[in-house]
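To start, the structure itself, in structure tokens.
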Amino acid sequence: QGGFTTYLCYSGSDQETARFFEAVSGKVIDIRKDKLEEVKEHRQEYNLLNADAVRRIADAQAVLVSANKNPAILETLPYFAHKRYAKIPARFGRAHVKGAAEQVRTKRVSL
């Protein structure tokens, strides 16, 4: 983990990854005073991003946590749905997708 300050998580992550993103995103500390004259304070602490929120992001979303910035939920587009990259499967074979597309044979290419 040393040296890396940006983390990206796509939908369908496992529980361990979701807990990692919960810990890395940090906590919010909310401090409220009753009145200006009194010293009574109410302190509340909660997660900025819960593990269940990480696990429940939509298929076309990703969670981005970078260094000392707040986490962001990004809208994503799979490469095979992008017009510019539509030619990649023709050259290297189809992408592995759940459902009926699992029956399609893939072409292995040596790098």
In Å and rounded to the nearest 0.5 Å, what is the [atom1] to [atom2] distance from [X] to [Y]?
| X | Y | atom1 | atom2 | result |
| --- | --- | --- | --- | --- |
| Thr5 | Lys69 | OG1 | NZ | 10.0 Å |
| Ser25 | Leu64 | OG | CG | 11.5 Å |
| Cys9 | Ile73 | SG | CD1 | 10.5 Å |
| Ile57 | Phe21 | CD1 | CZ | 9.0 Å |
| Leu74 | Leu8 | CG | CG | 7.0 Å |

Output every pair passing salt bridge (charged side-chain N to carboxylate O under 4.0 Å, His left out) with a member in residues 10-26, not counting sequence neighbours, ordered by first then second residue. none
Checking one residue: Leu48. Which other hydrophobic residues are in its cluster under the side-chain 4.5 Å linking rule? Val28, Tyr46
Side chain proximity check, Leu49 to Val63, heavy atoms < 4.5 angstrom: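 A side-chain contact under 4.5 Å exists here.
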Quick one: does Val54's side chain get under 4.5 Å of Ser13's, heavy atoms only?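 Yes; the side chains approach each other to less than 4.5 Å.
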Can you list the steps and then say if Arg43 with Ile29 is a side-chain contact (heavy atoms from CB on, under 4.5 Å)? CA-CA 7 Å; Arg43 180 184 170 124; Ile29 300 172; 3.5 Å; yes
For Lys27, enumerate each residue passing the side chain to side chain contact (heavy atoms under 4.5 Å, CB included) test, keeping only those at least two apart in sequence or located in another chain. Glu45, Asn47
